[in-house]
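Read the structure below first, then the notes.
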Amino acid sequence: ISGFVSDSSSGEALIGANVFLKEKGQGMATDMNGYYIIQNIKPGSYSMMTSYVGFSMYKKQIIIKKEESIKVDILLSELVVKLSGVSVTAEKLQRKNN
């Protein structure tokens, strides 16, 4: 399995994105071009997962057949995090006299 991992909005390569097969625990981080390759995979059905800090997790079921090479290019979307209200409080410290 090989391909590129990119930002869906800008098309920029995501360097160091983690691409792995859940069932095997086998995978790698993308290189400087966003490229990955996972080799020597036995035929079967796998859950392919891709993660990168600040982006949504990508999941895809893939089926590998004997002697087959698959190209999977992945576009990750930025993760939008909404924060609820934040409360800031302060307290005056009092000094103890000895």
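Throughout, residue positions are numbered sequentially from 1 according to the sequence presented. Hydrogens, waters and symmetry mates play no part in the numbers below; they use all other heavy atoms, side chains included.
Here the straight-line distance linking atom OG of S6 with atom CG of L76 works out to 8.5 Å at 0.5 Å rounding. Atom CD1 of I63 sits about 7.5 Å away from atom NZ of K65, to the nearest 0.5 Å. A distance of 7.0 Å separates NZ in K22 from NZ in K59, rounded to the nearest 0.5 Å. For the atom pair L14 CG and S51 OG, the distance stands at 11.0 Å (nearest 0.5 Å).
In K24, the NZ atom is crowded: over 12 heavy atoms of neighbouring residues, nucleotides or ligands sit closer than 6.0 Å. Surrounding CD of E68 are more than 12 heavy atoms belonging to other residues, nucleotides or ligands, all under 6.0 Å away.
Tested against V5 for a side-chain contact (heavy atoms from CB on, under 4.5 Å), the candidates N18, I15, T50 yield a single pass: T50.
By the rule that hydrophobic residues join a cluster once side-chain heavy atoms approach within less than 4.5 Å of another member, M28 and I74 end up as members of one cluster. Residues M49 and V19 are members of separate hydrophobic clusters, defined by side-chain heavy-atom contacts under 4.5 angstrom among Ile, Leu, Val, Met, Phe, Trp and Tyr. Linking Ile, Leu, Val, Met, Phe, Trp and Tyr whenever their side-chain heavy atoms come within less than 4.5 Å puts I70 and I38 in one cluster.
When side chains are defined from C-beta on, L79 does not count as touching V53, because their heavy atoms never get closer than 4.5 Å.
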Output side-chain donor-acceptor pairs under 3.5 Å for residues 41-48, partner residues at least two apart or in another chain, one line each.
unit_1: S45; atom_1: OG; unit_2: Q61; atom_2: NE2; d: 3.3
unit_1: Y46; atom_1: OH; unit_2: K42; atom_2: O; d: 2.6
unit_1: S47; atom_1: OG; unit_2: E23; atom_2: OE2; d: 3.0
unit_1: S47; atom_1: OG; unit_2: Q61; atom_2: OE1; d: 2.5

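Each ring-ring contact (aromatic ring centres under 6.0 Å, His included) pair with one or both residues in residues 52-74, not counting sequence neighbours, appears once here: Y52-F55. Pairs of residues two or more places apart, or lying in two chains, that qualify as ring-ring contact (aromatic ring centres under 6.0 Å, His included) and include a residue from residues 19-45 are F4-Y35.
Side-chain atoms of E78 do not come within 3.5 Å of backbone N or O of D7 as any donor-acceptor pair.
The shortest heavy-atom contact between A13 and G34 is CB-N, 3.8 Å.
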